[in-house]
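Heads up: numbering here begins at 1 and tracks the sequence.
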Amino acid sequence: MFSKKSGGGASFSSNWKTEQSLADGGCQTDPVELAEEGCQVLELSETGVQTEEEQTNASKAPEYNEESLLMFLKSVGPKVIREIERQNRSRAFDGFSLLEKEESSGGKILHTLRLNQLQSNHVVTGIDWSCTGSVVVVAYGSRFHEDWCDHKGVVTTWNINRSDFDSNQPEKLIEVSSCVLCVAFHPTNPAVFAVGTYSGELLIFDLSHSESVSPVVVGDCRGCVTALSWIASGGAYPKTPNSVAASTSTGFILLFELNLLKSSLKLKSGFMLQSQDVPRGIRGPIDETEGVEVTSASFNKEDPTLFVIGAEGGGLFVCSTTSEVPAGKEFDEVRLVRCVTSVLSPHTGRVLASQFSPHHHNAVLSSASDNQIRLFSILQPNKPVNVIYSEEIITCAELSPSRPMVVAVGLVTGQVALHDFGMKSCQPFLSLRAAEKPASITYLKFNKKDMALLAVGDRLGRVSIWHLPDNAVSPLSTEQTALSSLLDTVTE
């Protein structure tokens, strides 16, 4: 059925290649036309001119009699000098401002700092400016405590000169264990500031090391810290203040020596305001060995061994760190000393502010809840040299760093009044308006670098940065002399 068979092979030719045909072709562009053309520059010429030289007769003798002129100057000179001195003593143009400056005579608000996370019972309890004048530190806390403090205190810093400045968002926000009652920037280090709390803690912060918001060192004052001051210590007058003074509600004035390199805060000396130091008219029925609450304190700019303190019952005291009278108590193995050297005429209410003048070493400012702002000479403690009576309730006060006779006063109405001790009237020469929603002023602080800036805090937690007009900042030519004359006259 099937059988083998072998057939021949089959093939076909490849056709993957095809033969190509080539042809020559050519093209010609249009010939390029060339042309030449010439130009000629303008002709220039120079010409000179000569002014005529003015002839002066230098050898010509003066046409006056020297002896006659000398006699005339001797006769009128004393009269002219008397009139100049009389003009310098005149206050006829005090407060005068040009018409074109009237629009800005009331000052203006540059910023209003607000903390969105603020607790409902917190108010502004302290404000201070850095030594550069660009950073403001604000303390928040409650002023009313029935016993111990169970609130969280807050400290914020704001750099108003930063390009990304936000008035609703602080640069730093620091929470502490209890309400903050006072803050104080270091006078020469813009990154270091001290914080005093209701629970008696003294906290030192240094913002230059890292982004951390923890204190570099902590001290215990055994009482509410009511006031803080940086002072110089160790030698005559060192360039960098290295001590911080803390006053307390228990009557202590404690001087701590700070060493940032070693992160140490050592109690160097301590003082105590006792009941027996208080005048009998305002002395309370307490143990004479117990301390009297210190509400405010300020050290003398020229002599850091002198300081003035205000007390709860209205007492005002000039004190010295060189005193050696023992108080009969110790604080951390440091013997406390009674520091009072003289008693100023007391107020009839709680002292709100006591401050040594930055313009005169003998001048002291005080204000109290009796609505009086007083100017004292420590050489005449029995009577103030001048008194301003406020029609509104006073909450705080501070002397101007630029005008020797001017004081800024915070009022319960939400306004800030600027008074001049050189004016006979008790009316302020400038009033800064209250906010749209008025609230009692709780603290105010001048900027010592840019003296036209004033930070004002209120009960609602707002801080207004005011730019003051020229008449509130620029000192009068006779103002320093008038202050010295006022203090010297009373002393005589």
Discussion item. Could you measure the distance from the CG atom of Leu113 to the CG atom of Asp166? Nearest 0.5 Å is fine.
Written reply: 10.0 Å

Fill in: Side chain Thr226, main chain Ser247, donor-acceptor under 3.5 Å
yes

Fill in: Nearest heavy-atom neighbours spanning Leu352 and Cys396
CD1-N, 4.4 Å

Practice prompt. Please confirm whether the backbone N or O of Gly133 pairs with a side-chain atom of Asn447, one donor and one acceptor, at under 3.5 Å?
Written response: yes

Fill in: Pair Arg462-Glu436, salt bridge (charged side-chain N to carboxylate O under 4.0 Å, His left out): steps then yes or no
CA-CA 12 Å; Arg462 301 169 298 188; Glu436 294 182 0; over 6 Å; no

Item to complete: Please say which of Cys339, Pro381, Ser342 ends up in a side chain to side chain contact (heavy atoms under 4.5 Å, CB included) with Val318.
Response: Ser342

Worksheet item: Would a distance-only check, ignoring hydrogens and angles, find a side-chain to backbone donor-acceptor pair under 3.5 Å from Gln415 to Ser431?
Response: no

Worksheet item: Counting distance only, does the side-chain N/O of Thr295 pair as donor-acceptor with the main-chain N or O of Gly310 below 3.5 Å?
Response: yes

Worksheet item: Would you say the ring centroid of Phe165 lies under 6.0 angstrom from that of His111?
Response: yes

Worksheet item: Sequence neighbours excluded, which residues qualify as salt bridge (Lys or Arg N to Asp or Glu O under 4.0 Å) partners of Glu171?
Response: Arg162

Practice prompt. Start with the C-alpha gap between Cys149 and Ser199, add the side-chain angles, then the distance that decides, and say whether side chain to side chain contact (heavy atoms under 4.5 Å, CB included) holds.
Written response: CA-CA 7 Å; Cys149 178; Ser199 61; 5.9 Å; no

Fill in: Non-hydrogen atoms of Pro304 and Phe299 that approach each other most closely
O-CD2, 3.3 Å

Fill in: Leu110 CG: over 12 foreign heavy atoms closer than 6.0 Å
yes

Item to complete: Please confirm whether the backbone N or O of Thr413 pairs with a side-chain atom of Glu392, one donor and one acceptor, at under 3.5 Å?
Response: no

Practice prompt. State, with a plain yes or no, whether a side-chain heavy atom of Ile204 is found less than 4.5 Å away from one of Leu258.
Written response: yes

Worksheet item: Is there a side-chain contact between Ile109 and Leu432 (heavy atoms, below 4.5 Å)?
Response: no

Practice prompt. Using atom types as modelled and distance alone, determine if a side-chain donor or acceptor of Thr125 lies under 3.5 Å from a backbone N or O of Val180.
Written response: yes

Worksheet item: Under 3.5 Å, is there a donor-acceptor pair between the side chain of Trp230 and the main chain of Ala184?
Response: yes

Discussion item. Give me the atom names and distance for the closest heavy-atom approach of Gly315 to Val351.
Written reply: O-CG2, 3.6 Å

Item to complete: Rounded to the nearest 0.5 Å, what's the gap from OG1 on Thr395 to CZ on Arg459? Could you check?
Response: 11.5 Å

Response to the item:
Separation between CZ (Phe446) and OG (Ser400), nearest 0.5 Å, reads 4.5 Å

Practice prompt. Start with the C-alpha gap between Val308 and Gln355, add the side-chain angles, then the distance that decides, and say whether side chain to side chain contact (heavy atoms under 4.5 Å, CB included) holds.
Written response: CA-CA 7 Å; Val308 59; Gln355 179 188 2; 5.9 Å; no

Discussion item. Using the rule given for side chain to side chain contact (heavy atoms under 4.5 Å, CB included), can you reason through Tyr443 versus Val123, listing the C-alpha separation, both sets of side-chain angles and the distance that settles it, and then say yes or no?
Written reply: CA-CA 10 Å; Tyr443 207 90; Val123 302; over 6 Å; no

Item to complete: State, yes or no, whether a side-chain contact exists between Arg338 and Val340 at a heavy-atom distance under 4.5 Å.
Response: no

Discussion item. Side chain to side chain contact (heavy atoms under 4.5 Å, CB included) for Val124 and Tyr140? Distances and angles first, verdict last.
Written reply: CA-CA 5 Å; Val124 176; Tyr140 302 89; 3.9 Å; yes

Item to complete: Report the residue from Val387, Asn362, Leu344, Asn382 that forms a side chain to side chain contact (heavy atoms under 4.5 Å, CB included) with Phe376.
Response: Leu344

Worksheet item: When you measure from the side chain of Ser269 to the backbone N and O of Leu255, does any donor-acceptor pair fall under 3.5 Å?
Response: no

Fill in: Side-chain donor/acceptor of Asp128 to backbone N/O of Lys445, under 3.5 Å
no

Discussion item. When you compare the side chains of Ser296 and Ser354, does any donor N or O come within less than 3.5 Å of an acceptor on the partner?
Written reply: yes

Practice prompt. Would you name the heavy atoms of Cys182 and Ala227 that are closest together and state the gap between them?
Written response: SG-N, 3.8 Å

Worksheet item: Taking the six-membered ring of Phe331 as reference, does the NZ or CZ atom of Arg222 fall below 6.0 Å from its centre and within a 45° cone about the axis?
Response: yes

Worksheet item: Any donor and acceptor pair, going by atom type alone, linking the side chain of His419 with main-chain N or O of Cys426 inside 3.5 Å?
Response: yes

Response to the item:
The side chain to side chain contact (heavy atoms under 4.5 Å, CB included) partner of Val416 among Leu411, Leu444, Val409, Leu430 is Leu444

Worksheet, complete the sentence: Note: Ser357 and Leu399 closest approach over all heavy atoms is CA-CD1, 3.7 Å

Discussion item. Which heavy atom of Phe256 sits nearest to which heavy atom of Leu202, and what is that distance?
Written reply: CD1-CD2, 3.6 Å

